[in-house]
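Here the structure is laid out as structure tokens; the discussion comes afterwards.
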Number of protein chains: 2
Amino acid sequence: MASIYYHLPFGIQSSIDEKSNKHKLNCVKVNGTKSFSPAKVDYDEISITTATDDFEQKNRQNIPTKKQLVDPYRQGIIIEEGVGYRQTVVIRSYEVGPDKTATIESILNLLQETALNHVWMSGLLSDGFGATHGMMRNNLIWVVSRMQVQVDHYPIWGEVIEIDTWVGASGKNGMRRDWLLRSQATGIVFARATSTWVMMNQKTRRLSKMPDEVRAEISPWFIEKQAIINEEINPPEKINKLDNNAPYVRSNLKPKRSDLDMNHHVNNVKYVRWMLETIGDEFLENHQLSDIILEYRRECGSSDVVQSLCEPQEDDGFITSTGIINNLECNLNGNSVSSEILGASIGSLNKGPFSYTHLLQTKGDTRNEEIVRGKTTWKNKLSPFPFHP
Amino acid sequence: MASIYYHLPFGIQSSIDEKSNKHKLNCVKVNGTKSFSPAKVDYDEISITTATDDFEQKNRQNIPTKKQLVDPYRQGIIIEEGVGYRQTVVIRSYEVGPDKTATIESILNLLQETALNHVWMSGLLSDGFGATHGMMRNNLIWVVSRMQVQVDHYPIWGEVIEIDTWVGASGKNGMRRDWLLRSQATGIVFARATSTWVMMNQKTRRLSKMPDEVRAEISPWFIEKQAIINEEINPPEKINKLDNNAPYVRSNLKPKRSDLDMNHHVNNVKYVRWMLETIGDEFLENHQLSDIILEYRRECGSSDVVQSLCEPQEDDGFITSTGIINNLECNLNGNSVSSEILGASIGSLNKGPFSYTHLLQTKGDTRNEEIVRGKTTWKNKLSPFPFHP
């Protein structure tokens with residue numbers, strides 16, 4: 001638990017906004033009780049007593065209050081003896097990059113979407129971003145501490161894929177969520193992903209033990225299967241913390257309104273984009289991201305100013321001498337207003353695999369605070385449509 | 001036709017890349033003919049003679065070569081007596097903004113997606129971005145000249161919507177594509193959109209008449225219905241061209257790799273984002289975009305440096321005196337390397353409707369070139385979940 005810090009925005013997460021608190025107050029009022037006893041509250045009863053907006057929202061969203069086995073609109077079904085979720089998706093035209101393959105950002109989005117739809121189908125989803133009813137009653141939200149995605153093959157525009165996702169225990173108080181992306185036509189595995197989650201009290205911002213009430217809700221859904229199997233046998237080394245000696249730096253990154261998710265936090269996909277923007281276009285054009293690990297440290301809010309650091313990993317035989325660094329720092333009135341790196345290109349060096357270490361941090365007046373550490377591993381693009389591993 | 005200039009990236013568009021040219025060469029060789037007679041080429045014959053990558057791609061995409069009435073994966077059906085297309089979509093968690101409603105960018109993405117899926121279902125889709133087989137044989141691509149989207153209600157996270165799209169004639173050589181977005185549950189219309197398209201020769205970059213071969217392919221799909229009905233009775237006034245007197249300016253905007261679509265052009269959604277980034281967060285938080293008109297002038301490539309201009313429209317009673325303008329121009333060695341506007345906020349002025357005029361242009365050494373003119377109209381956000389028009 002020591003490696004996990006603050007509230008962080010990926011996938012299933014957060015829950016109680018002002019509206020939801022209003023829910024609870026309404027409920028207490030209507031029931032005429034002074035104390036709020038979470039375990040005794042009937043969720044359907046709450047719904048009836050909420051404001052019109054909330055009622056309309058619920059009607060329009062139509063979140064199930066009981067477990068569903070099939071969702072025809074989301075093309076989702078419950079699998080794995082009633083506890084896993086499978087969704088069939090078509091890669092859309094705007095989810096692919098110039099090479100017509102899905103971008104890593106699109107894949108991360110689809111992981112988030114299927115995770116939430118899994119909770120949606122379970123009948124446990126409260127109003128928030130993946131929190132259960134029991135979590136909501138205890139003021140708890142999900143926070144992600146680690147995420148790893150391994151991509152063997154990128155799906156292409158128009159391709160039909162199946163995404164399986166399921167959850168398991170992680171230690172005493174945590175949860176693991178895994179995913180498997182497959183070609184619907186051939187069954188070939190395109191990508192695997194795993195993530196680790198803990199609960200945080202939304203008011204105190206402190207990590208929380210899993211209350212028995214919540215354990216009773218979610219533990220029946222736990223299974224032991226792991227998407228990335230060698231992880232426990234060969235636990236991955238910790239990602240080094242980069243410092244100011246990192247060769248590639250992009251400063252003064254400011255979240256825009258369009259980067260915020262429904263929790264008003266910077267979207268996880270934006271983190272990955274900030275990380276990859278330190279790498280040169282020439283490298284990105286000739287290489288494919290095959291593995292990304294993210295270790296989350298603290299949340300990034302809309303007012304934070306972020307710095308993205310990047311360093312090639314030497315022990316993979318990665319040579320940096322051909323890297324082209326163009327780091328413009330434009331200093332106006334003593335404040336750094338713009339900084340840009342035009343590329344960390346590796347020129348003609350086209351061997352693999354290559355790894356980069358990444359760090360996103362907030363630039364404070366007195367000290368910097370880590371948001372997320374990352375490690376990316378790359379392979380040569382042999383073909384835009386790789387079918388043979 | 002005088003108002004239409006270059007090749008532009010929205011929705012169904014473009015077609016023949018290097019690979020596709022290889023198609024043709026292969027075909028000519030295999031058939032042993034010297035001249036290429038488009039009308040006589042059998043498309044299936046071409047497919048067989050292509051490289052393995054192309055074959056694999058086709059297999060994985062599985063683009064229909066004949067008209068389909070139902071696509072279970074895309075949740076699409078052919079409607080309107082066999083010529084319109086309807087797709088059911090669920091608003092995904094990452095398609096909504098901080099207020100849990102779909103962003104205008106997500107709506108534009110869904111319009112593009114359903115347009116392409118319409119062509120997909122028709123059996124006419126060639127390898128490119130919405131071009132038909134006949135267009136491909138004539139080296140033609142689609143270019144959009146105008147687009148208008150009217151949003152009455154923004155769908156919310158998890159809401160099921162139906163998007164209808166269809167095409168019609170536009171003048172002698174053009175095509176109109178319209179859309180209607182509805183709540184699947186209630187049938188209430190959320191948004192309407194219309195667009196105008198012409199064909200361009202991909203090699204000469206000149207606008208082209210519609211060849212008879214192409215007219216024969218697409219005209220059976222034309223219907224007269226219009227999504228925005230009052231347009232022909234009250235044709236909208238032309239959008240004024242902004243100049244350097246525009247009060248809100250964002251300069252030095254550079255397309256990133258992640259902004260490029262599969263045609264290697266800047267994505268249409270990026271255009272809209274660049275336009276809206278000149279408007280302050282305070283205004284965006286309290287107002288909802290209800291109408292956007294885009295008039296396209298020339299394509300924007302990956303190496304262009306773009307400037308986004310914006311001006312409130314005075315004749316709507318829009319007062320700018322409370323606007324907060326913070327335009328930092330940082331000039332380094334004579335080159336403008338960074339410019340940023342922190343907000344075009346209208347403070348406490350909360351009447352409506354409000355309109356802005358927009359211009360995106362490339363900043364050249366000698367002269368600027370227009371990319372797209374825009375007009376946005378806004379209304380107060382009365383509720384995050386407006387149901388009553």
Side-chain angles (χ1 to χ4, degrees), chain A residues 11 53-54 56-57 59-63 72-75 88-90 92-94 96-100 103 105 109 112-113 116-117 120 129 155-160 183-185 256-258 260-264 267 269 273 276-277 281 284-285 302 328 330 332 337-338 340 383-385 387, chain B residues 53-54 56-57 59-63 72-75 88-90 92-94 96-100 103 105 109 112-113 116-117 120 129 155-160 183-186 256-258 260-264 267 269 273 276-277 281 284-285 302 328 330 332 337-338 340 383-385 387:
Chain A
D53 274 357
D54 287 356
E56 280 181 359
Q57 184 187 347
N59 257 0
R60 291 171 67 181
Q61 288 186 306
N62 205 16
I63 299 176
Y73 297 122
R74 286 165 189 77
Q75 310 217 55
T88 306
V89 295
V90 180
R92 294 177 177 171
S93 54
Y94 57 87
V96 301
D99 63 359
K100 282 192 190 172
T103 59
E105 291 94 334
N109 277 335
Q112 169 182 308
E113 177 65 12
L116 278 166
N117 289 346
W120 183 286
F129 210 178
I156 63 175
W157 171 46
E159 191 160 19
V160 183
S183 155
Q184 194 268 345
K256 289 170 190 154
R257 213 184 117 81
S258 54
L260 303 182
D261 62 22
M262 40 179 152
N263 286 322
H264 296 247
N267 187 294
V269 161
R273 201 164 278 178
L276 302 190
E277 278 172 11
D281 281 350
L284 295 176
E285 266 156 37
S302 57
L328 305 172
C330 168
L332 197 70
V337 292
S338 172
E340 191 163 359
S383 153
F385 311 109
F387 239 157
Chain B
D53 274 356
D54 286 356
E56 280 181 359
Q57 184 189 345
N59 258 0
R60 291 172 66 183
Q61 288 187 306
N62 205 18
I63 300 176
Y73 298 121
R74 285 166 190 76
Q75 310 216 57
T88 305
V89 296
V90 179
R92 295 176 176 171
S93 54
Y94 56 88
V96 300
D99 63 358
K100 283 193 188 169
T103 60
E105 292 94 333
N109 277 334
Q112 169 181 309
E113 178 66 11
L116 278 165
N117 289 346
W120 182 287
F129 210 179
I156 63 174
W157 171 47
E159 191 160 19
V160 183
S183 154
Q184 193 269 345
T186 65
K256 290 171 189 154
R257 214 184 115 82
S258 54
L260 303 181
D261 62 20
M262 42 179 150
N263 286 323
H264 296 247
N267 187 294
V269 162
R273 200 164 278 178
L276 301 190
E277 278 171 12
D281 281 349
L284 295 177
E285 267 156 37
S302 57
L328 305 172
C330 167
L332 197 70
V337 293
S338 173
E340 191 163 0
S383 153
F385 310 109
F387 240 157

If you count heavy-atom pairs under 4.5 Å between each of B/Pro98, B/Gly97, B/Gly158 and chain A, which one has the most?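 Heavy-atom pairs under 4.5 Å are most numerous for B/Pro98.
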Heavy-atom pairs under 4.5 Å with chain A are the metric here; pick the option from B/Leu284, B/Asn117, B/Thr103, B/Leu276 that has the most.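 Answer, by heavy-atom pair count under 4.5 Å with chain A: B/Leu284.
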Taking every non-hydrogen pair under 4.5 Å, which of A/Ser302, A/Ala185, A/Ser258 racks up the most with chain B?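 Most heavy-atom pairs under 4.5 Å with chain B: A/Ser258.
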Taking every heavy-atom pair that is under 4.5 Å apart, which of A/Asn62, A/Thr88, A/Val160 has the most such pairs with chain B?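 Greatest number of close heavy-atom pairs with chain B: A/Val160.
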For B/Ser93, is it the side chain, the backbone, both or neither that has a heavy atom under 4.5 Å from a heavy atom of chain A?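 Contact with chain A is through both the backbone and side chain of B/Ser93.
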Which atoms of B/Gln184 are under 4.5 Å from chain A, going by heavy atoms: the side chain, the backbone, both sets, or neither?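 Looking at B/Gln184, just its side chain touches chain A.
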Of the non-hydrogen atoms in B/Gln75 and A/Arg74, which two are nearest, and what is the gap between them?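 It is NE2-N, 4.4 Å.
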How many angstroms lie between CZ in A/Arg60 and NZ in B/Lys100, if you round to the nearest 0.5 Å?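 Between A/Arg60 CZ and B/Lys100 NZ, I get 12.5 Å after rounding to 0.5 Å.
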Measuring from atom CD of B/Glu113 to atom CH2 of A/Trp157, what distance do you get when rounded to the nearest 0.5 angstrom?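 These two atoms lie 8.5 Å from each other.
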Applying side-chain hydrogen bond (donor to acceptor under 3.5 Å, both in side chains), can you list everything that pairs with A/Arg257, at least two apart in sequence or on another chain?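 In terms of side-chain hydrogen bond (donor to acceptor under 3.5 Å, both in side chains), with neighbours along the sequence ignored, A/Arg257 is linked to no residue.
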Non-neighbouring partners of A/Glu105 that pass salt bridge (Lys or Arg N to Asp or Glu O under 4.0 Å), sequence neighbours left out: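 Salt bridge (Lys or Arg N to Asp or Glu O under 4.0 Å) list for A/Glu105, sorted by chain: A/Arg273.
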